[in-house]
Amino acid sequence: MNKTREPLVHISRRDTLPWYKAWGIRAAAIAAALVVCAVITTLLTGENPIEVYAAMIDGNFGTSRRIWVLLQNVAMLLIVSLAVTPAFKMRFWNIGGEGQIMMGCLATAACMICLPGVVPNWLLIIIMVIASATAGGIWGLIPAFFKAKWNTNETLFTLMMNYVATQLVAFFIIIWESPKGSGHVGIINADSQIGWFPTIGGNKYMLNVLIVAVITAAMYVYLKYTKHGYEISVVGESERTARYVGIKVERVIMRTMIISGALCGITGLLLVAGTDHTITTTLSASRGFTAVMVSWLAKFSPIFMVFTSLLIEFLGRGASEIATDFGLNEAFGDILTGVILFFIIGCEFFITYRLHFRKSAAHEAKEAAENV
Amino acid sequence: MDSGKIAAVQMRNITKSFGSVMANDRVWLDIYKGEILALLGENGSGKTTLMNMLSGIYYPDAGQIFVDGREVVIRSPKDAFDLGIGMIHQHFKLVDVLTAAENIILGLHGEGKLDMKAVAARVREISGRYGFEVDPNQKVYDMSVSQKQTVEIVKVLYRGADILILDEPTAVLTPQETDKLFAVLRNMRDDGKAIVIITHKLNEVEAISDRVAILRHGHFVGDMPTAQTNAGEMTNMMVGRPVVLNIERPEPKNAEPRLEVSHLTVHDEEGVKKLDDVSFTAYSGEILGVAGISGSGQKELLEAIAGLHRAEGGSITYIEPGTGAREELVGKDPRDISDMGVALSFVPEDRLGMGLVGDMDLSENMMLRSFRRGRGFFTDRKAPHQLAERVVKELAVNTPSIETPVRRLSGGNVQKVLVGREISSAPTVLLTAYAVRGLDINSSYTIYDLINKQKERGVAVVYVGEDLDVLLELSDRILVLCGGKVSGLIPGRGATKRRVGLMMTRLGGGEGDE
């Protein structure tokens, strides 16, 4: 036997898997992730993993208030993910969601602080909507304009715009600080509640959740059924094809980034006018970056994004819950989150590719016998 | 044939599938020393896949490979090199800024100090032995396509390959260059090397090969000495049924000027002149063939007409049928041109990179041309879907469904989808670039047929091609480009390959020595 050994494994691309098999693989990945997390938990902390998982669920769903906070966080993460998605589908790497949100926050806060008494409340809210969307849209348009005209790198450009936006907010916080010298803006219009979004049924999160639900459906339709959505797909797949069929690529890039930025701006509006009623430099809580992952995990499908943003928020909230419940380091929760994400992202490999293992001699003989 | 042939490679029961597609199904193939084997088959018949398994790019699902009678496992291109197997791919893999010699030794592990002089000497020695013309110190970016190919071949020989595989080597060469390549291949054969050449051109198979092996739908159909077969038989074996091999050329009817190009000058992105003072007129009901060595400005010519490439000077005038109204196309983009009502269709060279979107399905690709129709904000999905169904039916596109991404179709079917879409809009001008490149005989003839039908409908067809035999048979007139200039505009009927070949390499073809 002179033969060199056959490789142990070789990889080949799969045909499209039926959906139930693909979901079966994903479910198996999550189950495997939970088992690995359980082992890690037992080995590192000695806690009962079932109790740890129970705490995670309790932290998210334990009380109706917790459920509402979860829903609000999911909604906020979801809207930012939806915002960056058209840009990503166009292969425009908008990682400037953070800055665009901050600009939306800034515009909203400016209206709430400067305009009471000048215009009636209903008009103020309309102005806030327009101002926040415009501010975010401009912040998205700037890198898109440079990309369209001079083909600058949008990744660096949008990233840098984040820092500019954060510094602008920091600057205005000092101007608007209240009480003076505190370094905080405090609750804006705490007594008059001018510019605050109305609560529905006494629940201050309800309106935000509803708005985001509508935007999710709208984004789904926009990407899937409209001429704009089709143009975005073509530009993303191949700019040369787009030019060949007469799509004005520069215009699509700029238009899409205005939409992307404007939605981020609206997120800022929802945060400032809807829930927090103040402005800080950390108000967006890095959602502009987390959204990149959420959007990719959902493969840019607005409907799947509901689930991926829920997953990310669930893991995040669960992690801090077990940190407090079991007196563990906050980092421990992050370890579990990391393991779970690793499995979820890693399983996509098995959905796309198939592994062929080297067959043992006995098995091969058996197969040969069957074939005869 | 003598029975004393020594097998260099024996492939036994080689099977390879991609998803549900069986690219190779229990294929047997023998490759002998001192013999040139032509591997024939339609697109998607598994020729390239089979050779890729020999050169270590793919790994077979099942089957055995013997080299010099010994069973081997080829896991990587390096394994293949160690066994003396070298493959020259269709797309060259050279570093532009390096010299020939530097490219040749790239990736080799030498002992001690690198001695470029010795490398150059050895390159010259190999070149001399087989009759190559290569300057080891020339930079790749200064080379013509055929010189680059020569470097690829020398690279493989330098590594000591005894078994050479060439994937469609003549697709990019002029007739004169092809003759030179064939002379070199014969020298290598006489030196005892085993050579496999993948090609679609049957006249070349007859000219160069000693034996042909034919694949069809991933199966090995048969092999025989080239001398004992003919083009008709080979085609029938490839296709699996008798095929008539001739291209019709009806006389143009009611020819009237449709497109006037005058003094057109075009630069590329780096400011290099690609078209220099080009003038011609394309008539309705006529096929105007465009010949030239690749990179002589054909691409820029079509793209300038289609509004995809800026013209530095000159004019392109469209003359409307019926009214005779004249429209200037220079300075317009594709959108403007279609808004002006100019029914211009363009089948570009780069099918999946420009003509179609690979990841979109057939129906979405049909939409590319029509999605802007209608006033609404939403796209109409029904009409493109119906068009896709019609194209699939009328052009016999082999696809699992309308919802299949076009990337998954074979080359011929991709082209049918593209051509089908482009002619569905009832054009008055049809531009085609290398419409049959990489297509098998059967698909090629389908495309020639479609183009001829457009001509009979009164369309002005501009056909950029590389296969001179076809150009000479299909075109009513032939425009020959040489280095971006018009080298000649001659009637297709009665033109000879030699004459066009000379015009491609020298302005005017050096009429003196005709």
Side-chain angles (χ1 to χ4, degrees), chain A residues 1-18 89 91 151 218 220-252 299-300 351-359 364 367-368 371, chain B residues 16-21 58-62 64 66 70-76 79 82 303 306-309 332-339 346 348 350-360 364-365 367-374 376-381 400 404-405 407-408 421:
Chain A
M1 285 292 279
N2 214 348
K3 187 178 166 183
T4 339
R5 283 165 75 80
E6 196 180 321
L8 181 63
V9 209
H10 72 273
I11 299 162
S12 70
R13 215 180 160 82
R14 276 184 201 270
D15 232 11
T16 344
L17 268 187
K89 275 202 95 159
R91 307 270 157 92
N151 198 26
Y220 175 76
V221 172
Y222 180 75
L223 289 177
K224 195 153 184 208
Y225 295 108
T226 69
K227 292 178 182 175
H228 284 188
Y230 183 73
E231 285 182 337
I232 289 171
S233 306
V234 176
V235 171
E237 293 287 347
S238 159
E239 238 176 74
R240 291 180 64 212
T241 308
R243 284 184 211 284
Y244 160 79
V245 295
I247 293 172
K248 312 234 181 210
V249 174
E250 291 77 19
R251 210 154 79 187
V252 173
K299 293 183 181 158
F300 310 137
I351 292 172
T352 323
Y353 298 98
R354 209 177 122 191
L355 300 185
H356 303 265
F357 290 94
R358 180 170 64 205
K359 291 171 187 144
E364 222 164 313
E367 216 169 63
N371 285 341
Chain B
K16 174 81 187 170
S17 59
F18 297 101
S20 63
V21 180
Y58 293 145
Y59 186 78
D61 297 340
Q64 297 159 291
F66 299 86
R70 194 165 58 85
E71 183 169 4
V72 294
V73 170
I74 304 170
R75 269 178 283 195
S76 67
D79 286 0
D82 294 344
E303 292 193 357
L308 288 162
H309 212 301
K332 306 285 195 304
D333 70 15
R335 176 86 174 269
D336 302 331
I337 293 174
S338 82
D339 287 351
F346 178 23
D350 188 359
R351 291 162 204 161
L352 287 175
M354 184 185 252
L356 300 166
V357 178
D359 285 333
M360 288 188 171
E364 285 170 315
N365 269 295
M367 255 169 85
L368 280 170
R369 282 287 187 202
S370 64
F371 79 95
R372 239 178 261 115
R373 257 178 234 153
F377 187 62
F378 294 96
T379 48
D380 171 16
R381 303 237 152 202
T404 307
R407 192 182 295 289
R408 289 185 176 238
R421 187 191 69 207

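Values below: all heavy atoms of this structure, side chains included; hydrogens, waters and symmetry mates excluded. The chains referred to below are lettered A, B, ... by the order of the sequence lines, with proteins before strands, and numbering in each begins at 1.
For chain A, no part of B:Pro405 is nearby; none of its heavy atoms comes within less than 4.5 Å. For a residue to count as touching a neighbouring chain, one of its non-hydrogen atoms must lie under 4.5 Å from one of that chain's; by this rule B:Asp336 touches chain A with the side chain only. For B:Ile337, no part lies near chain A; criterion is any non-hydrogen pair under 4.5 Å. No part of B:Tyr58 comes within reach of chain A, as not one of its non-hydrogen atoms sits under 4.5 angstrom from that chain. Looking at B:Leu308, only its side chain comes within 4.5 Å of chain A, counting heavy atoms on both sides. B:Arg351 does not touch chain A: none of its heavy atoms, backbone or side chain, sits under 4.5 Å away. Heavy atoms of B:Asp350 lying under 4.5 Å from chain A belong exclusively to its side chain.
When all heavy atoms of B:Leu368 and B:Leu356 are compared, the pair lying nearest together is CD1-CA, 4.2 Å. Residues A:Lys89 and A:Phe300 approach most closely at CG-CB, 3.9 Å, considering heavy atoms. Closest heavy-atom contact between B:Arg372 and A:Ile247: NH2-N, 3.5 Å.
Residues satisfying the side-chain hydrogen bond (donor to acceptor under 3.5 Å, both in side chains) criterion with B:Asp359, sequence neighbours excluded, are B:Arg407.
Because its NZ or CZ atom is not both nearer than 6.0 Å to the ring centre of B:Phe371 and within 45° of the ring axis, B:Arg381 does not count as a cation-pi partner of that residue.
For the pair A:Tyr230 (side chain) and A:Lys224 (backbone), a donor-acceptor distance under 3.5 Å is absent. B:Arg421 places a side-chain N or O within donor-acceptor distance of the main-chain N or O of B:Gly355, the cut-off being under 3.5 Å.
The candidate with the highest count of non-hydrogen atom pairs below 4.5 Å against chain B, out of A:Glu237, A:Lys227, A:Arg240, is A:Lys227. Ranked by heavy-atom pairs shorter than 4.5 Å toward chain A, the options B:Met360, B:Met354, B:Glu303 are led by B:Met354.
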